[in-house]
Each structure stands twice: as C-alpha cells, then as structure tokens.
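Report on the following structure.
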Amino acid sequence: MSKKKQKDPGRGIAQLLQTLSKKDTASETTRGQKRNRDGTPVVTIPKVEAVREDVFPQKGTGKLMKPEKTATAPTIRDRPRRASPLAKQSSSKPISKLPNPLPGRKTSHKPDEQLKESLQPATPLSRRQDALLHTRKTLPIWPHADSIRSALRKNNILVLTGETGSGKSTQVPQFLASEPWCTKCIAITQPRRVAAISLARRVAEEMGSHFGRQSPAAKVGYCVRFDNATGPNTKIKFLTEGMLLQETLRDPTLQQYSAVVVDEVHERSVNVDLILGFLKNLVAGVEQGQKRKHPLKVVVMSATADVEALVRLFNNDSNSLDEKGSEAAETDDTDSEGSWSGISSDAESDHKDQSKKSKSQSKSNSKSKSKTSQVATCFVEGRQYPVKTTYLPEPTQDWVESALIRIFQINHREPLPGDILVFLTGQDTIESLEKLVNDYAEGQAKDVPKLLCLPLFAALPQHAQQLVFNPTPPRTRKVILATNIAETSVTVPGVRFVIDCGKSKIKQFRNRLGLETLLSKPISKSAAIQRQGRAGREAPGQCYRLYTEESYNDFDERTTPEILRCDLSHAILTMKARGVDEVVNFPFLDRPHREALEQALLQLLNLGCMSDTGSITELGLKVAKLPLTPALGRVLVEAARPERDCLSEAIDIISALSVEDVFLNLVTEERKEEAEAARRELYRREGDHMTLLVTVQRYAEEQSDRKAWCQRHFVSHRAMQNVMNIRKQLHSQSLSLLPPSSSSSSSSLTAHQPPSTLTETKAASLLRCLLRGFIANTARLMPDGSYKTLTGSQTVAIHPSSVLFGRKTEGIVFTEFVYTGKAWARGVSACQLDWMGEVVGELMGS
DNA sequence: GAGCACTGC
C-alpha cells in the first residue's frame, strides 16, 4: 500500500516511458526456434506459408480444453451456455465459448450427441478425410514417411526427433498402421489426458474413421483414466503414460501391440523414464527368445531430446555396462552401417557422429549377443516463425518491475494484433503484477491499445482460465500473466510477444529430510527456448528475457528430469511389481542417486511393501496395483483389515487427498469469513482428514443439487466430481483387499448407506490407519509450542490452510510435508502419542 | 497466514 506512485497513473506512464528509452540499449539477437543442440541459433528456415492452427493440431493444451467425453461431461455441462461478450475479469462472468480443439467445427457442449451430428450428416467422413489429406501432405514429416517405414522394417527401434509443428504425433502412427508387420494395435503414449483425446480425434478424422466409442468399427481410440474409448477394431490407440504402465502389470510383454510409440519424451516424466526402461528390457528380452510371437517395434519421439542418450539406452546392454564390465565382443556389424544413419536427413552428419560413438561404446562394453538391436534415427524439422530475442543489459533484482516496463513498451510501440505472454513464478507475483499493470493502464494515452490483463495458473478456477481463449476485443491487447502452465500444458493463441522472467518454482524431494521443497529457481536453456517459442506460433515474434545473456549462458542445458528430484518409492514399487529384481540394474536414462534409491527402499520396507531381502511382498503387490502413492495405498490396505473396519471412510479421505484442493480458495477477507462460517458444519476438531471425510460424505448424500451444495459450502464442484470418480474406482479395486469372510463389509461398500455419523472410535481407527502409512510424517508438540518431527527432529509448522492451524495438540500426523521458505505440514490430523508408539513398535518388532 | 506443472487397471 506504500506505493503511492501508482496513484498518479499519468505521471507513472511518463516515468515508465523514460525508463524505456534507457533500457533500449538492451543487446538484441535474432533467433528462430530452429537451433543446434546447444541452443545456439541455426539459420532460420524459410517459411512456406502462414501456419494455421488447424494444420497442426495443438496438443497438450492442458486442462483448459476439456475432453468432450462422458467422464468429464459434467464439467462442461456446468458451464454457462449462453455466449457473453468478453468483459472485465469479474471472475464469475460466463465464458463465451470453450476453446475449440478442432477448428472448423463448433465445440459442442453436449459432447457425444453433437459430435456425432457434426460428423455424420454434415460432413461425410471420407470427404473430411480427403480435405485433410491435402494439409497432411504439407507437414514437414510427410516426405519422411517412406524412410520411417523402411527404417522400422529393418530395425525394431527408431528415435525420431521432430520439432514443434512437424506433425509427428498424428502422422507416425498412420505411417505404421498399414505395415506388414503391424498385425496388432499401435500404442502412442502422451503425458496428458487432453493430448491423448484430442490427438485421437484428429487422427480418426484424417483416417476417415469413427473415433472412440462412436462405432465399434472405429479404428482410432484412446484410453485415459476413467475413460477407455477403445473398441474391438482399434488399430491406433492414444493413451496416457500412466495407463500404459498399468497395462504392463497385466500384460508384461505387451502382446496386444505391434508397436509402441512414446511421444514427448523430452518432458521426461517419471512415467516416461520407466516406460523406456521397460521397453528396452522387453525388446532385449524378445531378442533373447522371450515369448512374443512378433518383435515389438518401438518409436521414441521427442522435440529436443538427447538423441545420443536414447540411442545408447536402447543399443547397449546397460546392465552389463554398469555392473559386469564384461569383455568386448565382436558383433557382426558390417551390414548395420546403413541402418544406422539410413534415414537421418537434415542432421545427418550430426547423427552419424553420434551413432558412431554409441556404436563404438556398445562394441567395447556390451556382452556378446547374437543380435543386438539396432537403433535408427530420424530428424524432422519443425515449423516455427523466427523469434527475435532481447536480453537485459544488466541483471535486475526486481523482474516484476522489469516486466511492467516491457509490457508498456510493447504496447506503445508495437502495432496490433499481438498479445503478450508473461512467464512468472507463481500466483503471488502474478497478482501483484496484474495490479500494477491495471493501475498504470489507467493513465495511458487514448491512442494506444487498451490492455486486458489475464492471470493464468493452475489453481485458478476453470472459467477464469478460459478467458485467455476468448478473442481479443478491438483496439485491445491481451496481457497473459502465466506460470509455466503456459510452457507446455496450455497453448495461448494470438501471442506474439513473450516476456520471460527466467525463473520457475521447482519441486524437489529431499531424501534425508523426507520433505519436498518448492522453491523459485533459474530455468534451463531448453525451458527458456520453449518459452521463447511461444511467441512464434502464428507469426514472427519477439521474446524479452528479463536477464542477461551471461545469465542465460549459465543456465543448465535442460531441466533436471523428474526422476532425479522426486520421491522414488512409487517408481521402485512400480518396477518391483513388474519383475525388476535389481533396481540398480534397471536401464535408466538418468540413474537416480544411490541415496535416493536407498531412501525409497527403506520407505517401502517400513510400509511393509518389501521384505528385508529386497523382494516385493504380497502386500506390496496389492499396493502397487492401486492408483495411489505407496503411503496412501498402505493406508487403504490397513483400513481393510477387519479390526480397523473403516475401508469405506478411508476411501473417502484418500479420494479427497488425491485431487487438488476441495475447498475453494477465496480472495477477499469478506469472502473468506463467509466461507469459514459456511464450512463450519463440515469442520472436525480431529483435523483435516476427518473434515475431508465429512465433506465427501455430505456431498455424496446430497441427492437433489450437488452443485448448489458446493456453492453453499464454498467447495469446488469440479474437484468433488473428480473425488467421486476416484472413490468409485477405489471401491471397485479394494474389494479384493477385504478378507473373504467379511462379505458383510464388502456389501456395505456398495450398498446405499444411511446418513453417516462419524463416531469417535471410527475416527480413531482411521487415524491409526493414516499413521501406518505416514509414520515418517508425524510430529509432537514441544514445550515452546512448536512441533518437531518424530523421526528427524525437524521443526514443522501447521499450514494456514489446515483446520488445525493455530491449535495445539500433543501429536500430529500429516499427509504432505513441503518446504516453501518454511517447513509446512499440510493435511494435518491430531493424534495421540501412544498411537504413534504402536506403529513404531510394530515396525521395530517385525 | 499460504499453494509450479502433470498423471493413474
């Protein structure tokens, strides 16, 4: 409030503009998105023609594009149907329309029916197919079709690097579908649900096929959690990475597939790393005579991936490389030279170098094998307009201010159209910059474009997120203030200017402390390039980096893969359940640190998921099958024990813990107080978990109008719908957890229950189950009023979002332990010290 | 007194 200068907008603008002219000395370089592997620019490719949105289906547009499918239909139905003119961001304004994942067709609000309508009578499938064929032929990947096919006839593995807009995700599966070896289904993995669904829809159109559940004849389908839209004739199946991993539990050799295409590998999720390792083992196993009738073809696709590392992963016997160091063996490779570089095009020389290197390594290190699989590589150029990049001449302390200056500079100098996308670190900086921009915008001259400031971050309510997709009003420029949600998950249309603060909040697990940190860190070069590229999607653009070129040069080449900075217990349990006995020998693209592995193994041992010989226990196998973290899975298994007798309630709590915040986050003091009062009937003094239980129970019991119930209690309806999906899934999966004798309890799971009351014994039972999974996350009250963890003697504070905030109780158990400037316990329940003692005793005894 | 982004038979 001390910023008095904002109160004089006219003067503020003058000052800003003064600052602008000083900053004009910023060093400028021009770079297109096309670049060498070290991030240095390459001569920009000539542009063929304007890149139209419908030529390149936008993938990964995040949660903003809700799939038009039944599972999520309620969310869509909730939205106001009537169009409204774009107005100020009064957050409850109805939105005019949903983003349309497939331009050329109206987005339907009644998914299935309208989709069918629009597909069938209006445009016969084949006519649409013919129309699309024309645009398909203009994709950069199109000329590579034959070489991709022939590479996979000769080899089982292809590493395909294709930059944004190359068309690889939609075309590669179609290139392969008619191949003689392709007798079964092709799987294509995606990191996000929306991407899987919208790609499937697009490919179905291009093939002139029905899609998903439209018809049993559909050749293209998708499979994501809660929504399996595949049929008996599905030939091309888009699925999330997690889904494919689940399938490997039932079908370890992936018999149902002739090929697996792993897309977006450069994002390096833990799941993709596991999939690559499993596929590597599978391909190697098949070559050694493991039971698979046909070889499995694997295509690894990535935007900027380290081709060399991928080739090495599939080419070497990394186990022997790491552990055995066996003698060099001569393999007959006289005829393999051709297949190595056979189809690389633009980057041929580059890749030849790599393959030689990899090959010599494989020769000297790997064990003798009659048939080492060869890896083909292919590079496909992308399509991207050039982006002119400007650095600051000197580092800045206050990049919120620097961003503010740049926004007004752009607005004064650059003609419309051209929206601005600003990358910031989090909600707090977004909101303070939003306020500053709005204050200064008041004082702008009449002849410059108006500014429309739109925040964009994951915690923002859906309807507020949707605003970024609305067309920009006349004589107005949109300024989107975003977190890195806009880096990969959401593609904002109309952006020609990017302002990049060079930082983002990164989650990192601290093994020794057992907590995760969420701190603002410099981004990597590849992330900076990704952000920059967001300015060149539709036209040549500009990128302003709020740091110096020297700082950029100091950035890491790429973002540390998630597997090197997360809690590995889930990943290891996943591996153990799929028969990987020696985790240290698993073919990791990046090998996690020994300490992280040890910590995770210890955690699994404590949960009873593993024996002390390192093999998975029966209990561990049960936990591995659940769509939960090992700790939450352990809680569920505990709750199914007859003496605990609280499975149904545990499922309610765990479901609520599995979604983002159930309780809406209110902005003004007034609304917060209102919410407090409305929610009071849900709050339980035992803590957040019992409060969640009561919330889920009340919601589930509400038969007339659940949406209104949510509004009354300031609860997120969207989150609760998700809770109900998860709850249903967990119910059906946990029937097998119950002892066979307890048929009464299992029927009570499914039967309609009378309004529930939470007794004290039930609450105590639930808390003891929670403790069994989260004994590492317990703390006790110190004489000075602080809490210290039982195991690490770490000071921890109850998070302000907790119902126990400000309360004192002898002991607490919490389901989240995060450091953000301070160690916070989130999801907190009060518990007795002797309950903790019981669990510790059990651990010591066993 | 505070919350980067994804995902799951």
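Given the structure is predicted, the values throughout are model-derived calculations rather than measurements. In what follows, chains are A, B, ... by sequence order, proteins preceding strands, each numbered from 1.
Within a heavy-atom distance below 4.0 Å of DNA chain B, the residues of residues 513-522 of chain A found are A:Leu518. Residues of residues 560-576 of chain A that place a heavy atom closer than 4.0 Å to DNA chain B, in numerical order, are A:His570.
Nucleotide B:dC9 holds its P atom 16 Å from the CG atom of A:Asp251, rounded to whole Å. Atom CD1 of A:Ile275 and atom C1' of B:dG8 are 11 Å apart (whole Å). Between the C1' atom of B:dC9 and the CG atom of A:Leu636 lies a distance of 15 Å, rounded to the nearest Å. Distance A:Glu264 CD to B:dC6 P: 14 Å, rounded to the nearest Å. Distance A:Phe805 CZ to B:dA2 C1': 9 Å, rounded to the nearest Å. Rounded to whole Å, atom P of B:dC6 lies 14 Å from atom CD of A:Gln530.
Mapping A:Pro191 and A:Pro800 onto DNA chain B by nearest heavy atom places A:Pro800 closer to the 5' end of the strand. Nearest-nucleotide positions on DNA chain B place A:Glu669 closer to the 5' end than the other of A:Glu241 and A:Glu669.
Within 4.0 Å (heavy atoms only), A:Gln729 reaches sugar-phosphate atoms of the nucleic acid but no base atom. Within the 4.0 angstrom heavy-atom criterion, no nucleotide atom of any strand lies near A:Val270. Counting any heavy atom pair closer than 4.0 Å across all strands shown, A:Leu628 reaches a base atom. The residue A:Lys625 sits close to a base: some heavy atom pair falls under 4.0 Å. Contact annotation for A:Thr483: backbone-only contact, meaning every heavy-atom pair under 4.0 Å involves sugar-phosphate atoms and none involves a base. The residue A:Asn228 sits apart from the nucleic acid: no heavy atom pair falls under 4.0 Å. Among the protein residues, A:Thr240 comes within range of the sugar-phosphate backbone only, with heavy atoms under 4.0 Å from sugar or phosphate atoms but none that close to a base.
Between the side chains of A:Asn271 and A:Ser269, not a single donor N or O lies within less than 3.5 Å of an accepting N or O. Judged by distance alone, the side chains of A:Glu247 and A:Tyr257 do bring a donor and an acceptor atom under 3.5 Å apart.
Rounding to the nearest 0.5 Å places CH2 of A:Trp399 at 6.0 Å from CG of A:Leu424.
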Would you mind writing out the side-chain donor-acceptor pairs for residues 669-678 of chain A within the sub-3.5 Å range, not counting sequence neighbours?
| from | atom 1 | to | atom 2 | distance (Å) |
| --- | --- | --- | --- | --- |
| A:Glu676 | OE2 | A:Tyr683 | OH | 3.3 |

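The phosphate of B:dC9 has neither OP1 nor OP2 within less than 4.0 Å of any side-chain N or O from A:Ser732. A sub-4.0 Å separation between OP1 or OP2 of B:dC6 and a side-chain N or O of A:Arg268 is absent. Neither OP1 nor OP2 of B:dA2 sits under 4.0 Å from any side-chain N or O of A:Gln427. Side-chain N/O atoms of A:Arg193 include none lying less than 4.0 angstrom from OP1 or OP2 on B:dT7.
When the nucleotides B:dG8, B:dT7, B:dG3 are ranked by their closest atom to the side chain of A:Pro627, B:dG8 comes out on top. Side-chain proximity of A:Asp661 to B:dC4, B:dG8, B:dG3: nearest is B:dG3. Closest approach to the A:Ala458 side chain among B:dG8, B:dT7, B:dA5 is made by B:dA5 (side chain taken as heavy atoms from C-beta onward). Of the candidates B:dA2, B:dC9, B:dG3, the closest approach to any side-chain atom of A:His799 belongs to B:dA2. Comparing atom distances between the A:Lys672 side chain and each of B:dC9, B:dA2, B:dC4 picks out B:dA2 as nearest.
Checked against ring pair (Phe, Tyr, Trp, His ring centres under 6.0 Å), A:Phe814 has the following partners two or more places apart in sequence or in another chain: A:Phe817. Not counting sequence neighbours, the partners of A:Ser524 by the side chain to side chain donor-acceptor pair (under 3.5 Å) test are A:Ser526, A:Thr559. By the ring pair (Phe, Tyr, Trp, His ring centres under 6.0 Å) test, A:Trp824 pairs with A:His799, sequence neighbours left out. Residues passing the ring pair (Phe, Tyr, Trp, His ring centres under 6.0 Å) test with A:Phe278, sequence neighbours excluded: A:Phe586.
Listed by first and then second residue, the salt bridge (Lys or Arg N to Asp or Glu O under 4.0 Å) pairs involving residues 422-431 of chain A amount to none (not counting sequence neighbours). Each salt bridge (Lys or Arg N to Asp or Glu O under 4.0 Å) pair with one or both residues in residues 621-639 of chain A, not counting sequence neighbours, appears once here: A:Arg634-A:Glu638, A:Glu638-A:Arg641, A:Glu638-A:Arg644.
A cation-pi arrangement, defined by a distance under 6.0 Å to the six-membered ring centre and an angle within 45 degrees of its axis, is present between A:Arg545 and A:Tyr552.
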